[in-house]
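Read through the structure below, which is laid out as structure tokens, and then see the notes.
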Amino acid sequence: MIIVMRSEVTPDGPEVTHLRRVAANHASLTTEVRHMQGAERTLTEIHLLGNTAAVPTETFEGLPGVERVVRIKERYRAIGRHAGKAVSPGFDYRGVSFTQDSFHLFAGLCAVDSRESVEATFQALQAVGVTTTRAGAYKPRTSPYDFQGLGQDCLPYVFELAGKYGIKVVAMEVLKPQHLDEIRAALTATGNPTGVMVQIGTRNAQNFELLKEVGQQQDFPVLYKRGMGITLEESLNACEYIAASGNHRIVFALRGVKSNLGDPHRNLVDFAHVPVIRRMTRLPVCIDPSHSVGKKSVDPDGITDVHHVTAQGVIAGANMVLVDVHPFPEKALCDGPQALTLPELAPFVEDVRLVRQAWEQRKKRFSA
Ligand code: PEP
Ligand code: MN
């Protein structure tokens, strides 16, 4: 059971103390207080653990400071929406708001390969008004003989150039806890010119120790990618490790699942799950059309599959798009065939804007 306190209640306030005392009357119950700074409000919740089935919600509903009492429906207690009853607070980071209503395009390099690529990409993003990007420094590759990413060596110029071109948040995958320290150190050394959203890649979707590490720190929000070969339920439970460890600033990303049934795409595109994640969790939802599709095949109307699946995710309410861009895709050291070129960026931004507008209109129609 989750007891949502009114926004003015603080975790160490008298209402919380009183409520915990009432809960203590039930011998089987323990309590856990969780505090979240959301995008629009602060949220203090008291999670009741133990045999709550035997406890009526009325026990807590009338107590001072209580906004509502939510019975737990999903095992993923902290990120779950619990039949629409849990509050979806979202979060702000570096002046950017991430909620189930916000929308951001994270366009950038799958893998950083040179300072020149980074500068050309950031310059192009600035020209189209995009302030959020991706830049892979640590790459989890299928073969040990493939380019593994430039690692910490590229971080100073990535961050410095991000600052120069007005980039507020860089999504960057981490493969081990040491990478968090390296990112932190490089940000400090460059004067914190930008923010980093740390990405947990699909290959680490069930690396529980790594999930706990990114959950125990508060410096960076986390972009969690669903596991490509596990059920959605398993991915949601794995994602719960991040929130259960204390970090509530999470975005859940869909990136396709591994199956030959998705051929000729790299993965079976799963963007029909956008509304499912929005309904089952409190998290903003991201789609990654590049890693889902894996190439830039064009249909008879001249529209690429990357554009098509992006539109499918955005029309379904996605809050974020992670897309690969490269100044010279044919020379990219990782995933070149799926990357948009820089001249393709502005029309892509326009296309996404058009579809997002259509989503806003549909939403209005259905909620009228
Ligand atoms: C990536 O976004 O760079 C990446 C490796 O994606 P995924 O973990 O979804 O394969
Ligand atoms: Mn990639």
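Side chains are part of it too, since the values below use all heavy atoms of this structure and drop only hydrogens, waters and symmetry mates. Note that the structure is predicted; figures quoted are calculated from it, not measured. Numbering of ligands and ligand atoms starts at 1, following listing order.
Shown here is Gln126, whose CD atom has more than 12 heavy atoms of other residues, nucleotides or ligands within 6.0 Å. The number of heavy-atom neighbours closer than 6.0 Å to CG of Asp301, taken from other residues, nucleotides and ligands shown, is above 12.
Residues Pro11 and Val16 approach most closely at O-CG1, 3.4 Å, considering heavy atoms. Nearest heavy-atom pair, Val174 versus Leu210, reported as atom, atom and distance to 0.1 Å: O-CD2, 3.8 Å.
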Checklist line | ring pair (Phe, Tyr, Trp, His ring centres under 6.0 Å) assessment of His307 paired with Phe348 | finding: CA-CA 7 Å; His307 284 70; Phe348 183 80; 5.2 Å; yes
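Between His82 and the choices Lys73, Glu74, Arg77, the side-chain hydrogen bond (donor to acceptor under 3.5 Å, both in side chains) rule is met once, by Glu74. Residue Glu45 is tested with Arg6, Lys85, Arg282 for a salt bridge (charged side-chain N to carboxylate O under 4.0 Å, His left out); the sole match is Arg282.
For the Mn ion (ligand 2), the neighbouring protein N/O/S atoms at less than 2.8 Å, given as residue and atom, are Cys110 SG, His291 NE2, Asp335 OD2.
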When you check ligand 1 against the protein, what N or O pairs turn up below 3.5 Å? List the atom names and distances, or just say none.
{"from": "ligand 1", "atom 1": "2 (O)", "to": "Arg134", "atom 2": "NH1", "distance (Å)": "2.9"}
{"from": "ligand 1", "atom 1": "2 (O)", "to": "Arg134", "atom 2": "NH2", "distance (Å)": "3.3"}
{"from": "ligand 1", "atom 1": "2 (O)", "to": "Gln199", "atom 2": "NE2", "distance (Å)": "2.9"}
{"from": "ligand 1", "atom 1": "2 (O)", "to": "Lys225", "atom 2": "NZ", "distance (Å)": "2.8"}
{"from": "ligand 1", "atom 1": "3 (O)", "to": "Arg134", "atom 2": "NH2", "distance (Å)": "2.7"}
{"from": "ligand 1", "atom 1": "3 (O)", "to": "Lys139", "atom 2": "NZ", "distance (Å)": "2.8"}
{"from": "ligand 1", "atom 1": "6 (O)", "to": "Lys225", "atom 2": "NZ", "distance (Å)": "2.9"}
{"from": "ligand 1", "atom 1": "8 (O)", "to": "Thr202", "atom 2": "N", "distance (Å)": "2.8"}
{"from": "ligand 1", "atom 1": "9 (O)", "to": "Lys225", "atom 2": "NZ", "distance (Å)": "2.9"}
{"from": "ligand 1", "atom 1": "9 (O)", "to": "Arg255", "atom 2": "NE", "distance (Å)": "2.6"}
{"from": "ligand 1", "atom 1": "9 (O)", "to": "Arg255", "atom 2": "NH2", "distance (Å)": "3.4"}
{"from": "ligand 1", "atom 1": "10 (O)", "to": "Arg203", "atom 2": "NH1", "distance (Å)": "2.9"}
{"from": "ligand 1", "atom 1": "10 (O)", "to": "Arg255", "atom 2": "NH2", "distance (Å)": "2.7"}

Compile the donor-acceptor pairs under 3.5 Å between side chains in residues 145-154 and protein atoms, sequence neighbours left out, one pair per line.
{"from": "Gln148", "atom 1": "NE2", "to": "Ser143", "atom 2": "O", "distance (Å)": "3.2"}
{"from": "Gln148", "atom 1": "NE2", "to": "Asp146", "atom 2": "O", "distance (Å)": "2.7"}

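Applying the ring pair (Phe, Tyr, Trp, His ring centres under 6.0 Å) test to residues at least two apart or on different chains, the pairs with a partner in residues 100-138 are Phe98-His104, Tyr138-His179.
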